[in-house]
Amino acid sequence: MASEGLLIPEELPPDHRSGYVSVIGRPNVGKSTLMNAFLGQKIAIVSEKLQTTRNRILGILTRPDAQVIFVDTPGIHKPLHKLGEFMVETAKRAIPDADVICFVVDVSTWPTDEDKQIAGLLDSVRAKPIILVLNKVDLLNAEDLASHAQAYRALGNFAAEYATSALHGDNLDALLAGIVAHLPVGPRYYPEEQITDQMERFLAAELIRGQALRALRQEVPYALAVVVEQFQERREGVVYIEANIYVEKESQKKIVIGRGGSMLKQIGQAARREIEAMLEARVYLELWVKVREGWRKKDKELRQFGYALPSKKMEV
Ligand code: GDP
Ligand code: MG
């Protein structure tokens, strides 16, 4: 890895700040949109559908004065089946790891039971500063904003609050400044370019999954996982990627492949274009569709599918 982007410790300002920021909130409040706005890259899947962000994604924002390591946790929701429980656990475990917690809510609506549940969870980790992000402020008038904001404020003890529109980019600079201000003084943990280097493989899988969900819409809702089996730079500027799309049933496999392979081709072409843009390289993408019955219910296989929680010290 190139290291030109890395400041040697003496070059960092003495008050350089760094740390982990856990982004928490129920599904659909705008966590992924917020992450993408900060990181300027399509690293978390944004979708109208709930729960597309199942993996815990590290996005690293490196500035001269700070390094912010974002953790995009799945929304906490009622444990309906195993995957639900796993997601709740993931979110819970992400909380103590973080230096700062961003509790994202959709201020265009009143707090839901899920918001209250999450606020309750956060109450047990009061040692960490919690920033209340009142998102989707573009959707309501000042009067409703005031009353809704008051209702969210009452859910906990917040170190700061920001009314934002992740979609339109409103007040995000202020939010970021607030996040940085609450991070401890510390060094850069990752080189500047790390964001792509560490995650290329994983991002490729996310982009494929995002395109598959888009192409399939209602047809194969969430029973879909993508694992990148091979990721090789075969020549300068040419990357070969082989990935498996896992579904739960034979009938879903047929849908993903489509008539004469047309659906899979469409997914592959769209994903390839996105991966090429991300890598700035030509990509050969080979996709396979495989059936793993009931994978959503099996803990062991969840790990294999990459839902395992990376530890803070993980070599990335
Ligand atoms: P997540 O489930 O919390 O990650 O939510 P997403 O980031 O996937 O966003 C869910 C939906 O809300 C998407 O359709 C976004 O475009 C939309 N959204 C996110 N932030 C805003 C916002 O500030 N204003 C409006 N109007 N829509 C937003
Ligand atoms: Mg999301």
Side-chain angles (χ1 to χ4, degrees), residues 21-59 61 70-78 80 83-84 86-88 90-92 94-95 98 101-119 121-122 130-142 144-145 148-149 152 155 161-176 178-179 199 202-203 205-207 209-218 221-222 224 274 307:
V21 177
S22 188
V23 180
I24 289 191
R26 66 176 172 82
N28 243 19
V29 293
K31 300 178 297 298
S32 300
T33 309
L34 189 66
M35 295 274 292
N36 295 339
F38 279 149
L39 296 160
Q41 280 199 34
K42 191 172 177 181
I43 66 151
I45 307 293
V46 179
S47 161
E48 306 265 328
K49 292 193 176 219
L50 305 183
Q51 302 169 26
T52 47
T53 310
R54 284 207 182 119
N55 292 276
R56 187 179 186 227
I57 301 169
L58 288 176
L61 187 72
F70 285 103
V71 184
D72 186 31
T73 51
I76 300 167
H77 64 102
K78 294 184 189 99
L80 296 173
L83 185 57
F86 193 89
M87 287 165 72
V88 172
T90 306
K92 272 195 205 164
I95 295 171
I101 295 151
C102 278
F103 177 31
V104 186
V105 300
D106 177 352
V107 77
S108 72
T109 71
W110 293 101
T112 66
D113 286 347
E114 280 181 303
D115 290 313
K116 290 172 193 165
Q117 233 176 308
I118 296 167
L121 252 173
L122 295 179
I130 302 170
I131 295 177
L132 178 63
V133 182
L134 303 161
N135 192 40
K136 305 201 187 183
V137 75
D138 56 290
L139 292 179
L140 75 181
N141 60 38
D144 289 341
L145 173 61
H148 289 189
Y152 282 104
L155 296 181
E161 73 172 52
Y162 296 90
T164 62
S165 171
L167 193 63
H168 300 301
D170 295 339
N171 218 23
L172 297 185
D173 287 347
L175 170 58
L176 188 57
I179 291 169
M199 296 200 301
F202 177 72
L203 291 177
E206 281 291 89
L207 292 173
R209 199 159 62 93
Q211 284 302 335
L213 288 173
R214 252 186 87 173
L216 295 162
R217 299 259 165 218
Q218 273 79 33
Y222 308 112
L224 202 136
E274 287 196 325
Y307 293 128

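For ligands, and for the atoms within them, numbers begin at 1 and follow the listed sequence.
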Interfacing atoms of ligand 1 (cut-off 4.0 Å, heavy-atom, Pro27):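 Within the 4.0 Å cut-off of Pro27, ligand 1 contributes 2 (O).
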
If you count the atoms of ligand 1 from 1 in the order shown, which ones are under 4.0 Å from a heavy atom of Ser165?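 Reading through ligand 1 atom by atom, the close ones are 22 (C), 23 (O), 24 (N).
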
Apply salt bridge (charged side-chain N to carboxylate O under 4.0 Å, His left out) to Asp170 and list each qualifying residue two or more places apart in sequence or on a separate chain.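 Here no residue qualifies.
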
Any nitrogen or oxygen of [X], side chain or backbone, less than 3.5 Å from one on ligand 1?
X      : value
Leu167 : yes
Leu139 : no
Lys31  : yes

In Å and rounded to the nearest 0.5 Å, what is the OG1 to CG distance from Thr164 to Asp173?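 That separation rounds to 12.0 Å.
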
Nearest 0.5 Å, please: how far is NZ in Lys31 from CG in Asp106?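 The NZ atom of Lys31 is 10.5 Å from CG of Asp106, to the nearest 0.5 Å.
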
Over all atoms of both residues, closest heavy-atom pair of Ser108 and Leu139: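 Minimum heavy-atom separation between Ser108 and Leu139: CB-CB, 3.7 Å.
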
Structural part of Asp138 in contact with ligand 1, heavy atom criterion under 4.0 angstrom: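 Only the side chain of Asp138 comes within reach of ligand 1.
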
Just to be sure I read this right, does ligand 1 sit under 4.0 Å from the backbone of Asn28, its side chain, both, or neither, counting only heavy atoms?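 Within the 4.0 Å criterion, Asn28 contacts ligand 1 through backbone and side-chain atoms alike.
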
Using side-chain heavy atoms (C-beta onward) and a distance below 4.5 Å, is Ile179 in contact with Phe38?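 A side-chain contact under 4.5 Å exists here.
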
Using the test side-chain contact (heavy atoms from CB on, under 4.5 Å), find all partners of Asp138 that sit at least two apart in sequence or belong to another chain.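 Asp138: side-chain contact (heavy atoms from CB on, under 4.5 Å) contacts with Lys136, Ser165, His168.
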
